[in-house]
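For reference, the structure is listed below as structure tokens.
By convention in this document, chain letters (A, B, ...) are assigned in the order of the sequence lines, proteins followed by strands, and residues within each chain are numbered from 1.
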Number of protein chains: 2
Amino acid sequence: MQRRRSVRSAANSKKGRRVPSAKMLALDQLDNHLGYFVRRLQIWVFQDFVDTLNPMRVRPAQYSVLLVIAANPGNSQAAIGQTLGIERARLARMLDELERRKWVARANGSDARSHSLYLTPEGEKALAKIKRLAARHEARLAAHVGVKRHAQLMALLREFG
Amino acid sequence: MQRRRSVRSAANSKKGRRVPSAKMLALDQLDNHLGYFVRRLQIWVFQDFVDTLNPMRVRPAQYSVLLVIAANPGNSQAAIGQTLGIERARLARMLDELERRKWVARANGSDARSHSLYLTPEGEKALAKIKRLAARHEARLAAHVGVKRHAQLMALLREFG
DNA sequence: TATTGTTATACTCTATAACTATA
DNA sequence: TATAGTTATAGAGTATAACAATA
């Protein structure tokens, strides 16, 4: 269900196409758009997260869902989705996958329309491993942007929202 | 080819499903991941960009390509793609679309394998309008995160990447 | 009537592979 | 043999709509 390890980490490998020393062109107005830099950083983060978490085959959105279920057991799909900004149709299919892997269980709540979400014991164990890998990713990210800049960015973005 | 104006800006409209005052759950470790905040901000930026640029039907990646072609006329697809980190297969199809709209022209370069990219006069005119809308988006973004924070984030990210 | 969750469709973006035509 | 560009396929993520069961 998941793509195999990214080739990025194996750049210039026997199979990989040689990457010529990137000719960088003028960015013009792009240099004045915060969104451009945010996007470039976000792509790096996403890629490194996927590579680092590859042993557990977990993607960023799945990780966020597992964390929020673990921290708020018994909540509905609607609550999880609203917290993380994940669309309910997408979350339903994501939970199908997490349930298939026996990490998450959908129980029946008081309101018969909704499900109460929990991690299974197996899910708790998996999440412990996942958290260790996620911490490793975060350390790489800090090294990538610079430890000081990482702290400054974190402070600015956290106080914002 | 492009989706109609997002419903987000028309939240709680007659057709839209009512959004209950979002119940926010504990984020746990997510609060220590820079990538989480970057991702949330990136989603806002992307959505606002698409909404603001909707009159010209231009998406962020298209905008970046138009800008870089305009600032570096005559370059190859490979050079544009490397500068912006856009995969060549994706760029080829994006240029098909921009050529179809008569904004971009692919000329033959010295090397018969490559194309030299230019904006057409029509493309130049369109880009002028697009730049005005993009500036409006950037002002909204600054208001959204706070003008001071916007400047701080810009400085941090620009000096980094 | 409104909400929760589900299924389905369509489009964007990313990742790959295979192909052509050149070099 | 390698490069520039194209075409094709698959998966993730997002946006919508429509539906069943329940409130």
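Look at B/Gln47 and you'll find a side-chain N or O under 4.0 angstrom from OP1 or OP2 of D/dA15. Between D/dT14 and B/Arg39, a contact under 4.0 Å exists linking OP1 or OP2 to a side-chain N or O.
With C/dA18, D/dT7, C/dT4 as the candidates, the nucleotide lying closest to the side chain of B/Arg88 is C/dA18. Among the nucleotides D/dG5, D/dT14, C/dT16, the one closest to the side chain of B/Ala89 is C/dT16. For B/Arg93, whose side chain is taken as the heavy atoms from C-beta onward, the closest listed nucleotide among D/dG13, D/dA8, D/dG5 is D/dA8. Counting only heavy atoms from C-beta on, A/Glu87 has its side chain closest to D/dT16 among D/dT16, C/dT6, C/dC13.
In this structure, A/Arg136 places its CZ atom where only 12 or fewer heavy-atom neighbours from other residues, nucleotides or ligands lie under 6.0 Å away.
To the nearest angstrom, C1' of C/dC11 lies 15 Å from CG of B/Asn54. Atom CE of B/Met94 is separated from atom C1' of C/dA15 by 17 Å (rounded to the nearest Å). Per the geometry, CZ belonging to B/Arg90 stands 15 Å off C1' belonging to D/dT9, to the nearest Å. Between the P atom of D/dA4 and the CD1 atom of B/Ile86 lies a distance of 16 Å, rounded to the nearest Å. One interatomic measurement links the two molecules: CZ of A/Phe46 to C1' of C/dT12, which rounds to 14 Å at whole-angstrom precision. Rounded to a whole Å, the CZ atom of B/Arg59 is 11 Å from the P atom of C/dT14. Taking atom CG of A/Asp96 as the reference point, atom P of C/dG5 lies 13 Å away to the nearest angstrom. Going from atom CZ of B/Phe49 over to atom P of C/dC13 covers 11 Å, rounded to whole Å.
Taking 4.5 Å as the limit, every side-chain heavy atom of B/Arg106 sits out of range of all side-chain heavy atoms of B/Leu98.
By the side chain to side chain donor-acceptor pair (under 3.5 Å) test, B/Glu87 is found to be paired with no residue, residues two or more places apart in sequence or in another chain being considered.
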Determine, step by step, whether A/Lys131 and B/Asp28 satisfy the salt bridge (Lys or Arg N to Asp or Glu O under 4.0 Å) criterion, reporting the C-alpha distance in whole Å, the side-chain angles of both residues, the deciding distance to 0.1 Å, and the verdict.
-> CA-CA 11 Å; A/Lys131 279 183 169 178; B/Asp28 194 56; 3.5 Å; yes
Report the C-alpha separation of A/Arg57 and A/Gln62 in whole Å, then their side-chain angles, then the decisive distance to 0.1 Å, and conclude whether the side-chain contact (heavy atoms from CB on, under 4.5 Å) test is met.
-> CA-CA 10 Å; A/Arg57 297 292 195 285; A/Gln62 294 174 315; over 6 Å; no
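Remark: the B/Arg149 side chain and the B/Gln152 side chain contain no N/O donor-acceptor pair separated by less than 3.5 Å.
Note on A/Gln77: only backbone sugar-phosphate atoms sit closer than 4.0 angstrom, heavy atoms only; bases stay farther off.
Scanning residues 104-118 of chain B for heavy-atom distances under 4.0 Å to DNA chain D yields B/Arg106, B/Arg113, B/Ser114, B/His115.
Ring geometry, B/Tyr63 versus A/His33: the interplanar angle exceeds 60°, so the pair is classed perpendicular (tilted spans 30 to 60°).
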